[in-house]
Amino acid sequence: MSRYDPATTEAKWQTAWDKEGVFTARHDPAKPKYYVLEMFPYPSGRIHMGHVRNYTMGDVVARQKAASGFSVLHPMGWDAFGMPAENAAMERGGHPKDWTYGNIADMRAQMKPLGLSIDWSREFATCDPEYYGQQQAMFIDMLNAGLVYRKSAMVNWDPVDMTVLANEQVIDGKGWRSNAPVERRELTQWFFKITDYADELLSALDGLKDWPEKVRLMQANWIGKSRGLEVPFQRTDGAAPIVCYTTRPDTMRGASFIAISPDHPIAKALEADRPDLAAFLAECRRMDTTEAAMEKAEKLGIDTGLAVRHPVFKGQTLPVWIGNFVLMDYGTGAVFGCPAHDQRDLDFARKYGLPVIDAFHMPGNDTPVSNEALVPLKSEPVQYIDHFAGLGLTTGQDGIEKTIDWFAAQGLGTAQTRFRLRDWGISRQRYWGCPIPVVHCDACGVVPESKANLPVRLPDDVTFDIPGNPLDRHPTWRDCTCPKCGAAARRETDTMDTFVDSSWYYARFTAPHATTPTDLAEAEYWMNVDQYIGGVEHAILHLLYSRFFARAMQKTGHLPAKASEPFNALFTQGMVTHEIYQSRDKAGRPVYHLPEDVLRFNLMNEPVAFLRTDHATDLAEMTEDQLAALRLEAASTPIEIIPSAKMSKSKKNVVDPMNIIAAYGADTARWFVMSDSPPERDVEWTSSGAEAAAKHLARVWRIADEISRDATPANLGDTELQRATARTIADVTQGIEGFAFNKSVAALYALTNTLSKSTAGAVAKRAAMKTMAQLLQPMVPHLAEEIWAMLDGVGLVSQAAWPVADPALLVDDTVTLPIQINGKRRAEISVPKDMPAAQVEKLVLADEDVIRFLAGQPVRKLIVVPGRIVNVVI
RNA sequence: GCCCGCGUGGUGGAACGGUAGACACUGGGGACUUAAAAUCCCUUGCCUCCGGGCGUGCCGGUUCGAUUCCGGCCGCGGGCACCA
């Protein structure tokens with residue numbers, strides 16, 4: 001064999017690994033453990049380059065840790081419930097179950113050729129009854145522990161599809177499928193009490209040192225802790241006071257009205273007697289709640305006719321309005337308006353003729369507020385008017401603190417800490433999800449299903465030809481007996497949000513076949529996940545839910561004390577992007593072209609592209625004139641190249657990993673996605689880069705092949721090669737441990753170049769190449785095994801111990817010192833590593849280049865940084 | 001609006017405050033070939049009067065020395081947002 005053949009080689013080594021059970025995770029108390037996890041995929045049916053990058057990163061870490069003496073757990077599973085399966089059933093017929101398990105089989109078959117060091121014996125899908133049954137058991141435990149409750153909540157209701165929609169599924173106020181205007185409807189839903197842990201989920205972020213700062217910040221903002229004041233406003237009619245929440249009590253002097261939410265009980269109470277008000281509330285309910293719509297939506301209000309007394313200035317009354325901008329589920333659903341210091345309140349006041357009262361001025365400028373609200377930074381000092389709440393000249397921050405204390409001391413209000421975080425609503429009116437294991441009994445009310453009856457299985461005989469939840473209209477599935485009294489009862493037909501499924505799968509992997517949700521002994525050994533890797537798009541929801549779930553599982557006895565934070569270290573990787581090839585049709589609309597339909601190359605460093613069908617594809621055969629003509633054509637009717645775009649079917653810029661594996665092998669795909677770009681950043685897939693990666697791997701193989709037949713005795717350059725190898729061990733190790741795989745790759749390129757030029761003897765070269773095989777193993781394991789075997793390595797390189805650099809080889813005896821004159825590099829000298837500074841100075845001043853540059857000028861200062869640099873200041 | 005992050009050759013990117021551009025892609029030139037493929041070698045920041053000069057978004061500061069630290073701009077990207 002004179003050429004490296006990935007197809008046969010890769011299959012050969014995968015079989016060898018399987019036979020040896022190399023990647024089976026072993027609970028070995030004598031060894032330290034390491035748990036590597038990549039966010040598990042949704043079984044769409046096809047793997048994409050993003051998967052390849054994600055899993056290769058995890059694989060590099062897993063393989064390097066295994067070689068370094070850890071007992072490694074590196075599992076894989078499927079986040080298998082969710083709407084796409086139902087949509088497929090609706091569009092194409094068939095059953096969501098068949099679609100899903102078919103996709104899983106397809107994707108597994110696509111993943112296996114990648115040669116990932118995964119323990120496939122632990123694989124599961126969240127739609128397996130063995131999995132969701134355990135999830136139901138935990139749900140019941142959490143219900144009993146007070147972590148789950150039912151309440152009525154406003155939801156997005158699609159009247160045509162007859163289902164609740166998530167906010168993301170409401171587009172321009174319409175259902176994404178039905179295109180029907182979405183209604184706001186009040187429904188009774190199941191909730192997880194994540195807010196019980198709001199404070200802890202926030203404060204524990206500080207301990208997550210190995211999480212990206214960005215993600216911790218995003219979570220902190222999402223939880224959104226704020227300190228403020230709750231103030232009751234007494235009603236003039238003597239009814240119960242309206243309680244407002246504010247984070248700016250220092251502006252209370254400027255309060256000129258109260259605004260309550262359309263969903264506020266007071267608003268609802270008035271509805272019956274006030275047709276105009278009822279109409280207004282109906283309008284509010286119809287309102288679109290999407291972000292964009294709210295931005296545009298006008299701030300509307302209606303006067304209730306009620307009035308309250310100002311808590312401090314008792315003689316002063318404030319009108320009570322209903323405002324469409326007041327949210328019922330944040331604070332108390334009622335706010336006071338301070339038009340002088342809030343732009344929205346000012347607009348509202350101007351619109352409805354409400355007074356504008358200043359609470360403070362900027363020091364030295366007491367012009368009253370007119371068209372623009374005065375909203376200085378909280379750190380800026382302001383002059384409070386009339387010593388309201390005892391305030392004078394101070395910052396807003398200080399003013400807020402003092403006012404809270406003042407109100408509390410006067411008994412006019414209570415200090416309150418509020419969170420933006422809401423409880424997690426998990427009810428979904430869908431079929432393809434985990435059934436909520438409760439029954440509704442006329443006598444006993446809502447009763448959890450008996451654990452003996454778990455799993456509550458999804459029925460198979462369902463149809464999707466009618467909108468709505470098939471479980472709801474199933475003739476028999478709903479019928480059951482009450483676990484408490486034995487009477488006939490109805491099963492809950494809502495299923496759980498699929499985010500529940502992915503909130504504990506990491507724990508299930510530690511004991512995937514246990515008959516309880518977890519096995520505490522296994523969890524004690526394997527938890528927590530040491531390295532979690534996935535996309536930054538999950539920075540908030542999935543990761544926050546998982547952090548909550550770990551705590552809830554602890555409370556219900558399903559996880560040991562050590563596992564309150566499930567993921568010790570988190571890495572968020574960037575996307576794999578690809579150019580888009582775009583032209584325009586006669587109407588000027590963009591038309592996209594598949595990479596394989598486009599001939600793309602660089603002419604004098606300028607990228608150009610045209611449709612392959614238009615021309616002969618062989619550039620090399622073209623004359624200069626033809627090339628020039630081509631260039632002209634590209635300039636006049638160009639296919640525009642849009643770089644670094646997210647791969648998407650509609651833009652036709654998706655590169656299928658299967659095509660790459662077929663053409664070059666898995667190692668090439670793995671090598672490419674680890675090269676060049678830092679893992680946290682996006683990497684652009686280029687065909688030239690992929691080809692180059694394949695060429696490089698073939699080159700390494702060729703060099704190894706030559707070395708295997710080399711017989712040169714000990715020779716010049718042996719030591720140098722050893723030094724280079726030691727350097728590479730250090731660099732590659734550092735790269736992997738620091739999640740800078742691109743630097744590890746660069747170091748391996750450098751060693752290849754050194755080795756190919758080396759004049760060293762066969763023994764030294766063989767040793768260097770074997771070390772290289774070990775260092776290549778995490779990234780390109782098949783090639784590494786092949787080289788290892790070629791050079792008579794013992795056993796499998798995947799099971800060989802990670803090489804350690806000899807420290808003596810890492811330090812050079814002589815160093816090249818650059819000499820700067822006034823900070824600019826002018827010369828260099830070569831000196832023994834530990835030459836005393838005084839001696840270096842003498843050499844520097846005697847250097848002919850230095851003398852020439854000094855031109856006789858006196859040296860004012862001479863800085864010698866031993867082993868690094870010399871700077872001469874004149 | 002609020003909160004983050006990032007700006008380095010034609011491109012992706014390297015660089016404990018110490019030789020800016022490692023490594024790679026692209027491009028240019030050459031060798032070997034009847035020819036091609038494959039492979040190998042040289043070259044590739046800009047300007048240059050070939051001495052050197054200029055260069056890490058822009059302006060300033062700290063330092064013997066700044067891509068790196070500080071301040072202010074400009075540009076790009078991300079997250080959150082009727083949150084009271």
Side-chain angles (χ1 to χ4, degrees), chain A residues 2-3 212-222 224 226 228-229 244-249 251 259 261 289 291 293-299 323-327 329-338 342-345 348 375 418-420 422 536-537 539-540 601-607 618 620-621 643-644 672 675-678 680-684 686-693 695-696 698-699 702 731 740 742-750 752-753 756 816-828 852 860-863 865 867-874:
Chain A
S2 61
R3 259 178 100 158
E213 183 65 31
K214 183 173 64 170
V215 174
R216 290 193 284 165
L217 254 161
M218 280 161 72
Q219 293 220 350
N221 289 338
W222 185 264
S226 69
L229 185 72
C244 294
Y245 176 70
T246 178
T247 55
R248 288 308 297 263
T251 65
S261 166
T289 51
E291 209 175 284
M294 298 214 276
E295 193 71 23
K296 282 178 276 169
E298 211 180 337
K299 310 312 177 228
N324 66 349
F325 55 88
V326 184
L327 304 175
D329 49 4
Y330 185 78
T332 58
V335 297
F336 72 80
C338 177
D342 183 291
Q343 192 58 46
R344 188 193 59 205
D345 290 350
F348 192 80
V375 190
R418 292 272 174 184
F419 294 91
R420 213 189 68 100
R422 323 271 175 81
V536 74
E537 66 273 18
I540 296 173
F601 55 96
N602 285 14
L603 269 183
M604 305 291 284
N605 262 334
E606 285 300 314
D618 200 342
E621 281 176 0
S644 310
F672 182 94
S675 312
D676 295 339
S677 277
E680 67 275 15
R681 265 190 247 178
D682 292 351
V683 63
E684 177 142 59
T686 63
S687 50
S688 58
E691 222 159 287
K695 279 182 188 173
H696 177 257
R699 179 174 178 232
R702 220 167 32 244
D731 289 348
N742 56 320
K743 292 187 213 169
S744 298
V745 168
L748 285 162
Y749 267 110
T752 310
N753 291 339
S756 91
T816 304
L817 285 185
I819 302 170
Q820 295 183 329
I821 293 173
N822 284 345
K824 286 195 198 299
R825 182 176 171 278
R826 297 299 186 184
E828 59 179 38
R852 188 162 55 83
R860 285 202 297 160
K861 206 167 172 184
L862 191 58
I863 294 144
V865 184
R868 295 227 70 114
I869 203 164
V870 179
N871 196 4
V872 185
V873 185
I874 53 175

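Residue numbering restarts at 1 for every chain, and letters A, B, ... go by the order of the sequence lines.
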Requested in this report: Fit a plane to each ring of Tyr749(A) and His696(A), take the angle between them on a 0 to 90° scale, and name the class: parallel (under 30°), tilted (30 to 60°) or perpendicular (over 60°).
Outcome: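 Judged by the thresholds at 30° and 60°, the geometry between Tyr749(A) and His696(A) is tilted.
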Looking only at the side chain of [X] (C-beta and beyond, no hydrogens), which of the listed nucleotides [options] gets closest?
X	options	result
Arg702(A)	C40(B), U26(B), C64(B)	C40(B)
Ala750(A)	U26(B), C82(B), C23(B)	C23(B)
Lys695(A)	U26(B), U39(B), G13(B)	U39(B)
Lys743(A)	A84(B), A38(B), A14(B)	A14(B)
Leu327(A)	C83(B), G18(B), G13(B)	C83(B)
Val873(A)	U19(B), C64(B), C40(B)	C64(B)
Leu217(A)	A20(B), C4(B), A22(B)	C4(B)
Ile869(A)	C25(B), G18(B), C64(B)	G18(B)
Gln820(A)	U19(B), A24(B), C83(B)	U19(B)
Arg344(A)	A84(B), C40(B), G79(B)	A84(B)

Can you tell me the distance, in whole Å, between the [atom1] atom of [X] and the [atom2] atom of [N]?
X	N	atom1	atom2	result
Arg868(A)	U68(B)	CZ	C1'	14 Å
Asn605(A)	C46(B)	CG	C1'	14 Å
Lys214(A)	G78(B)	NZ	P	11 Å
Ile821(A)	G51(B)	CD1	P	18 Å
Arg826(A)	C64(B)	CZ	P	19 Å
Asp731(A)	G13(B)	CG	P	20 Å
Asn822(A)	G65(B)	CG	P	8 Å
Tyr749(A)	G13(B)	OH	P	16 Å

Tell me the partner of [N], counting only Watson-Crick (N1-N3 plus N6-O4 or O6-N4) or G-U wobble (N1-O2 and O6-N3) with both under 3.5 Å; none if nothing fits.
N	answer
U39(B)	A31(B)
G77(B)	C4(B)
A84(B)	none
C25(B)	G10(B)
U67(B)	none

[atom1]-based separation of [M] from [N] [nearest Å]:
N	M	atom1	answer
A20(B)	G65(B)	P	14 Å
A66(B)	C59(B)	P	15 Å
C6(B)	G10(B)	P	23 Å
U8(B)	G79(B)	C1'	27 Å
C80(B)	G45(B)	P	43 Å
G12(B)	A22(B)	C1'	13 Å
A81(B)	G13(B)	P	30 Å
C74(B)	C23(B)	C1'	32 Å

Query raised in the report: Rounded to the nearest 0.5 Å, how far does CD of Glu684(A) lie from CG of Asp676(A)?
Result: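 Asp676(A) atom CG to Glu684(A) atom CD measures 11.0 Å (nearest 0.5 Å).
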Query raised in the report: Can G77(B) be described as syn, meaning its chi torsion is within 90° of 0, or is it anti?
Result: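 It is anti.
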Query raised in the report: Using the purine O4'-C1'-N9-C4 or pyrimidine O4'-C1'-N1-C2 torsion, is G45(B) syn (within 90° of 0) or anti?
Result: anti
Requested in this report: Considering only NZ, NE, NH1 and NH2 on the basic side and carboxylate oxygens on the acidic side, decide whether Arg422(A) and Asp329(A) come within less than 4.0 Å.
Outcome: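 Looking at Asp329(A) together with Arg422(A), the answer is yes, because their closest N to O distance falls below 4.0 Å.
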Please report the shortest heavy-atom distance between [X] and [Y], naming the atom on each side.
X	Y	value
Tyr330(A)	Ser226(A)	OH-OG, 3.3 Å
Pro249(A)	Leu229(A)	CB-CD2, 3.7 Å
Ala747(A)	Asp731(A)	CB-CB, 3.7 Å

Just to be sure I understand the rule, does [X] reach a base, reach only the sugar-phosphate, or reach nothing, if contact means heavy atoms closer than 4.0 Å?
X	result
Val865(A)	base
Arg860(A)	nothing
Ser677(A)	sugar-phosphate
Pro678(A)	sugar-phosphate
Asn602(A)	sugar-phosphate
Val683(A)	nothing

OP1, OP2 of [N] versus side-chain N and O of [X]: anything below 4.0 Å?
X	N	value
Asn753(A)	A24(B)	yes
Asn742(A)	A14(B)	yes
Arg418(A)	A84(B)	no
Tyr245(A)	A84(B)	no

So do the side chains of [X] and [Y] get within less than 4.5 Å of each other, counting heavy atoms only?
X	Y	answer
Arg860(A)	Val873(A)	yes
Thr246(A)	Phe336(A)	yes
Val872(A)	Asn822(A)	no

Whether the side chain of [X] and the base of [N] hold a donor-acceptor pair under 3.5 Å is what I'd like checked.
X	N	value
Lys299(A)	C82(B)	yes
Asn221(A)	C80(B)	no
Arg422(A)	C83(B)	yes

Report summary line: On RNA chain B, more 5' by nearest nucleotide between Trp222(A) and Thr247(A) is Trp222(A)
Query raised in the report: 5'-most contact on RNA chain B: Val872(A) or Ala698(A), nearest heavy atom basis?
Result: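 Per heavy-atom nearest nucleotide, the more 5' residue is Ala698(A).
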Report task. Classify the side-chain pair Arg699(A)/Ser756(A) by whether it contains a donor and acceptor separated by less than 3.5 Å. Result ->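 Per modelled atom types, Arg699(A) and Ser756(A) side chains form a pair under 3.5 Å.
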